[in-house]
Amino acid sequence: MQSFIVEHLLGEVVDVYCGGPDVFNGKVEACADNVLTLKQNEKYTHIAIDKIIAIWQA
């Protein structure tokens, strides 16, 4: 998953589903050490890659 995100989604705005009612969104700023970093409104969200169920471009 990490290599897919780096190769295809780096710099793109995405939505990330990890289960339950929450969907995270933002611009993919980084993906390293099994952590995805999204940026939205000057705030960062860090998501453990192994928790991602689905990711798509917004």
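The first residue in the sequence is number 1, and the count goes up from there. Side chains are part of it too, since the values below use all heavy atoms of this structure and drop only hydrogens, waters and symmetry mates.
- Tracing side-chain contacts under 4.5 Å through hydrophobic residues (I, L, V, M, F, W, Y), one never reaches V23 starting from I47; they form parts of separate clusters.
- Listed by chain and number, the residues in a side-chain hydrogen bond (donor to acceptor under 3.5 Å, both in side chains) with Q40 are N25 (sequence neighbours excluded).
- Cluster annotation: I5 and L10 are assigned to the same hydrophobic cluster (Ile/Leu/Val/Met/Phe/Trp/Tyr, side-chain heavy-atom contacts under 4.5 Å, transitive).
- Residues passing the salt bridge (charged side-chain N to carboxylate O under 4.0 Å, His left out) test with K51, sequence neighbours excluded: none.
- Residue pairs meeting the salt bridge (charged side-chain N to carboxylate O under 4.0 Å, His left out) criterion with at least one partner in residues 38-48, sequence neighbours excluded, are K39-E42.
- To the nearest 0.5 Å, atom CD1 of residue I52 and atom CG of residue L36 are 5.0 Å apart.
- Note on residues 4-47: pairs passing ring-ring contact (aromatic ring centres under 6.0 Å, His included), not counting sequence neighbours, are F4-H8.
- Within the structure, salt bridge (charged side-chain N to carboxylate O under 4.0 Å, His left out) contacts touching residues 21-34 (residues at least two apart or in different chains) do not occur.
- The salt bridge (charged side-chain N to carboxylate O under 4.0 Å, His left out) pairs that include a residue from residues 3-15 number zero, where partners must be two or more places apart or lie in different chains.
- Grouping the Ile, Leu, Val, Met, Phe, Trp and Tyr side chains by contacts below 4.5 angstrom, directly or via other members, places V6 apart from V16.
- When every heavy atom of I53 is checked against every heavy atom of C18, the shortest pair comes out as CD1-C, 3.6 Å.
- Across I49 and C31, no two heavy atoms sit closer than the pair CD1-SG, 3.3 Å.
- Residue Q2 is tested with D50, V35, N34 for a side chain to side chain contact (heavy atoms under 4.5 Å, CB included); the sole match is N34.
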